[in-house]
Amino acid sequence: MKKFEDPEKLRSWARKARLAGRKIALVPTMGALHAGHLSLIAAAKRKGADEIAVSVFVNPTQFGPKEDYAKYPRDHAADAKKCAAAGATAIFFPTPENMYASDHSVWVVEDGALSGSLCGARRPGHFRGVCTVVAKLFNLVQPDFAVFGQKDFQQAAIVRRMARDLSFGVEIVVAPIVREESGLALSSRNAYLSAEEKTRALALSATLKELKAGVAAKGALPWKAARARAAAALERAGLAVDYVEAVDAADLTPVKTLRKGNAVLLAAFAGKTRLIDNCVV
Ligand code: PAF
């Protein structure tokens with residue numbers, strides 16, 4: 001597996017691979033890799049990638065001033081080992097300095113309804129940072145496809161829109177959420193949780209499961225009442241609810257009745273740690 005820090009070296013590796021007719025997959029990550037990330041590499045393999053480039057970059061521009069940029073877990077040696085074992089053929093560890101010029105001033109912004117709600121409403125500037133760094137990675141690697149996790153449901157919808165609207169010619173593949181046996185969705189931020197907070201966090205997946213079962217049993221659920229019950233269940237478990245929303249899975253517009261095919265998205269704090277989870281019911 002090749003290792004790059006310099007974006008231009010990554011670009012020239014990808015160019016050579018492209019010219020040799022190799023199918024390139026990109027797996028963008030912020031590192032602290034877990035089985036959820038490795039499932040993205042596995043999805044790239046299944047889709048027939050000849051080269052799989054994993055980027056590991058804690059992107060400063062997608063963190064708010066009071067968020068966890070400084071303490072976000074970083075372990076390049078462990079990440080490189082896991083990527084090599086999973087079958088990645090290149091890993092990219094850029095630095096903030098070689099990704100952003102000191103006078104960087106051009107941004108990629110989803111300027112419609114996709115980023116105005118959910119995490120976008122609570123984390124101003126977050127998706128501007130995500131879109132900008134993903135656009136830069138797409139330009140460097142020019143992959144045939146890029147794999148993202150469904151765990152970041154809103155991010156996947158926005159990146160898909162960005163790829164379409166800016167004609168990147170990159171197919172966006174979304175891989176399912178990987179969960180612990182307990183139901184907890186894997187996340188690098190789970191490392192912040194105490195044992196007690198981790199137990200509380202199980203209410204997220206349990207609530208989603210219940211809503212899914214409700215729709216399967218009844219066909220549809222009036223969302224106002226279902227939402228109130230879901231939020232109360234999360235609060236009872238000791239979580240501080242940030243949002244509980246039901247949306248059209250394609251365009252993220254809120255729905256009044258939860259039906260099969262809609263997405264439910266949750267965000268809640270376990271102590272100081274903000275966790276998100278979702279499912280398509
Ligand atoms: O999902 C993430 O880990 C990040 O938002 C991403 C896509 C790697 C961009 O920094």
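Just so you know, ligand 1 is whichever comes first in the structure, and atom 1 is the first atom listed for that ligand. Not measured: the values here are computed from a predicted model.
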Cation-aromatic face contact Lys136/Phe57, 6.0 Å, 45 degrees
no
- Check for a donor-acceptor pair, side chain of Asp277 on one end and backbone N or O of Ala203 on the other, with a separation under 3.5 Å. no
Atoms of ligand 1 under 4.0 Å from any heavy atom of Thr29, numbered from 1 in the order shown, are 8 (C)
Taking only non-hydrogen atoms of Asp152 and a 4.0 Å limit, the atoms of ligand 1 in range are 1 (O)
With no hydrogens and no angle check, just 3.5 Å: does a side-chain donor-acceptor pair link Tyr72 and Asn59? no
Going by the 4.0 angstrom heavy-atom rule, the piece of Val159 near ligand 1 is neither
His104 side chain to Val106 backbone, donor-acceptor under 3.5 Å: yes
Compute the shortest N/O to N/O distance between Gln62 and ligand 1 and return yes if it is under 3.5 Å, no if not.
yes
Contacts of Phe138 meeting ring-ring contact (aromatic ring centres under 6.0 Å, His included) (sequence neighbours excluded), chain-then-number -> Phe168
Under 4.0 Å from one or more heavy atoms of Val133, ligand 1 contributes atoms 9 (C), 10 (O)
Using only atom types and a distance under 3.5 Å, with no angle test, would you say the side chain of Thr257 pairs donor to acceptor with the backbone of Leu221? no
The closest protein heavy-atom partner of atom 3 (O) of ligand 1 is Met30 CG, 3.5 Å
The atoms of ligand 1 lying under 4.0 Å from a heavy atom of Pro28, numbered in the order shown, are 8 (C)
The closest protein heavy-atom partner of atom 7 (C) of ligand 1 is Gln155 NE2, 3.4 Å
